Amino acid sequence: MKNLWDDKVALKCKDDLDLRVYTSNLLGSNDELVLHGGGNTSVKIGGVLYVKGSGWDLSSIQKEGFSPVKLDLLLEMAKFEKLSDSDMVRLQHAAMIDESAPNPSVEAILHALIPYKFVDHTHADAVVTISNSVNGKEHIESLYPNFLIVDYVMPGFELAHKIYELIGSLDWKKIEGIILHNHGIFTFDDDAKKSYTKMIDAVTKAEEFLDENAQVNIQRSYEHSGCDIAKITKVFSQFKGYEIHLNINQSPLASFYASQPNLKEFASCGVLTPEHIIRTKRTPLVMEDTNLEEGIKNYIMEYEKYYMRYENGETMINPAPNYMIIKNLAVISFGSTKKEADIINDIVEHTMLAVLRADKLGGYQSISEADSFAMEYWELEQAKLK
């Protein structure tokens, strides 16, 4: 992965927050690090944590996109044994020194716990691909012996408190970063350039591992589409309850992915990183015949069973699929707008390559179905709290 740091540009930064904006934009410019709002960054200045605000994208964030939060209050919050999402949001908002700023990231407490000025967090494809393979833990531990490696924990307070428990006797001078299994990677330093460079170097190490051990030979198998696009639009709009927009993907990657044997099992192993689930749902509709209405009805029936297995008073979202894979042909994403359909397609493209590469490492393995449900409905609740 190319290091994009430019000393000439960095010299124009007037203060640490300017540097924070600069390196955040560098991270956000690479969709193999963060995708559509993913990841977060922070800087500590004079007892205040400036952390990425909700709703901002690292590729375009500016100073006003960082939420200023009293560091000491965040550190006190980490000590709580339990804290509901609504209480965490309320307390974080109360700790802000500028109420006009955006709400802090749900990972603000975790950023506060890391005792370095600059903290970078991404959902790097290469790292998560390795982590999401069946032997991911062993591979990650071998590649990153000086990282704190943490099993999957729900983002937000639960994750922050887990880190708080783990770092009690930790010698931070011996730690180069943190890897959260099935989630992402943190790097940090008191120098902006060093923190950013640590991220690029760590991800490059994962990319080199994949190049050596998980090469994918994408064979072009293009078939002329005989799909009735008007019918697909009409039928899905009926099941969704609004007029949908489509993104039809017949790229070499999409058509190769759609041609995999045992496609339904292969393509239904879960999301690449947990936050994607609110966009894509856990699984796609896989069509291996031409009865579209029956396929959607069966998908909805399976989604309702999934919901009933884990619900705890949540209101079920529309159970219709958010994207579809047509055997040997294409991947089609659905959205209420063209932009939404395109975002889902972007996420699916990154997921497809990760699944194919993880398969070369023995198989792809995402977070559990129960954790997927918890994340799907937690994300929806977070959206309401913002």
Side-chain angles (χ1 to χ4, degrees), residues 37-42 44 48-56 65-114 119 121 123 150-168 178 180-184 186 270-271 273-279 281-282 306-318 366-386:
N40 42 67
T41 58
S42 68
K44 301 176 183 75
V48 176
L49 177 78
Y50 291 82
V51 64
K52 175 193 167 190
S54 298
W56 282 83
F66 286 90
S67 300
V69 191
K70 295 176 183 176
L71 187 58
D72 59 345
L73 295 183
L74 290 172
L75 293 174
E76 284 300 312
M77 290 168 62
K79 300 176 184 178
F80 295 174
E81 287 298 323
K82 292 183 179 180
L83 192 63
S84 69
D85 292 335
S86 57
D87 284 342
M88 182 182 73
V89 170
R90 177 178 57 80
L91 290 173
Q92 285 188 167
H93 192 270
M96 292 170 59
I97 64 172
D98 180 0
E99 292 188 358
S100 67
N103 285 333
S105 163
V106 296
E107 288 170 343
I109 299 173
L110 197 164
H111 279 256
L113 287 167
I114 298 172
V119 178
H121 171 45
H123 303 150
V150 184
D151 287 343
Y152 176 76
V153 179
M154 175 76 77
F157 178 75
E158 189 176 342
L159 174 58
H161 188 68
K162 178 65 174 179
I163 297 296
Y164 170 74
E165 293 178 329
L166 289 173
I167 64 175
I178 300 173
L180 309 175
H181 272 302
N182 312 111
H183 180 161
F186 281 82
V271 292
T273 191
E275 67 170 18
H276 290 171
I277 198 165
I278 196 172
R279 300 280 195 181
K281 289 193 168 74
R282 182 172 180 271
Y306 157 77
Y307 168 79
M308 291 301 295
R309 282 195 291 274
Y310 303 109
E311 67 88 16
N312 186 30
E314 301 91 348
T315 300
M316 186 175 70
I317 61 174
N318 185 305
S366 182
I367 59 176
S368 70
E369 187 180 81
D371 284 333
S372 296
F373 180 89
M375 188 68 191
E376 184 172 3
Y377 283 83
W378 178 83
E379 282 271 22
L380 291 166
E381 185 61 29
Q382 287 298 309
K384 294 176 185 177
L385 293 172
K386 289 176 182 177

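Not measured: the values here are computed from a predicted model.
Between H121 and F186, the ring planes lie parallel to each other; the angle is under 30°, not in the 30° to 60° tilted range. The aromatic rings of F157 and H161 lie parallel to each other, their planes meeting at an angle below 30°, with 60° marking the opposite boundary.
Minimum interatomic distance between G53 and P102 (heavy atoms only, all atoms of both residues): CA-CG, 3.8 Å. When all heavy atoms are compared, the tightest approach of E275 to G37 is OE2-C, 4.5 Å. Closest approach of P274 and M375 over heavy atoms only: O-CG, 3.5 Å. What you find for K162 and V150 is that their closest heavy atoms are CG-CG1, 4.3 Å. Across every non-hydrogen atom of M96 and P104, the tightest pair is SD-CD, 3.7 Å.
Of the N and O atoms on the side chains of Y377 and E311, not one donor lies less than 3.5 Å from an acceptor on the other residue. Residues E376 and Y310 bring no donor and acceptor atom of their side chains to less than 3.5 Å of each other.
Around atom CD of E99, no more than 12 heavy atoms belonging to other residues, nucleotides or ligands sit under 6.0 Å away.
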Practice task
Apply the test side chain to side chain donor-acceptor pair (under 3.5 Å) to residues Y307 and E314: give CA-CA distance (whole Å), side-chain angles for both, the deciding distance (0.1 Å), then the verdict.
Solution key: CA-CA 9 Å; Y307 168 79; E314 301 91 348; 5.4 Å; no

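If you take CG on N182 and OG1 on T273, they are separated by 8.5 Å, rounding to the nearest 0.5 Å. Atom CZ of F373 and atom CG of N312 lie 8.5 Å apart (nearest 0.5 Å). Within the model, atoms CD1 of I367 and CD1 of I277 stand 6.0 Å from one another, a figure rounded to the nearest 0.5 Å. Atom CG of L159 and atom CG of L180 lie 5.5 Å apart (nearest 0.5 Å). Distance check, rounded to the nearest 0.5 Å: CG of L49 to CG of L73 gives 11.5 Å.
With hydrogens and angles disregarded, a donor-acceptor distance shorter than 3.5 Å links the side chain of S366 to the backbone of V271.
Applying the side-chain contact (heavy atoms from CB on, under 4.5 Å) criterion to I97, with sequence neighbours excluded, gives V48, Y50, P68, K70.
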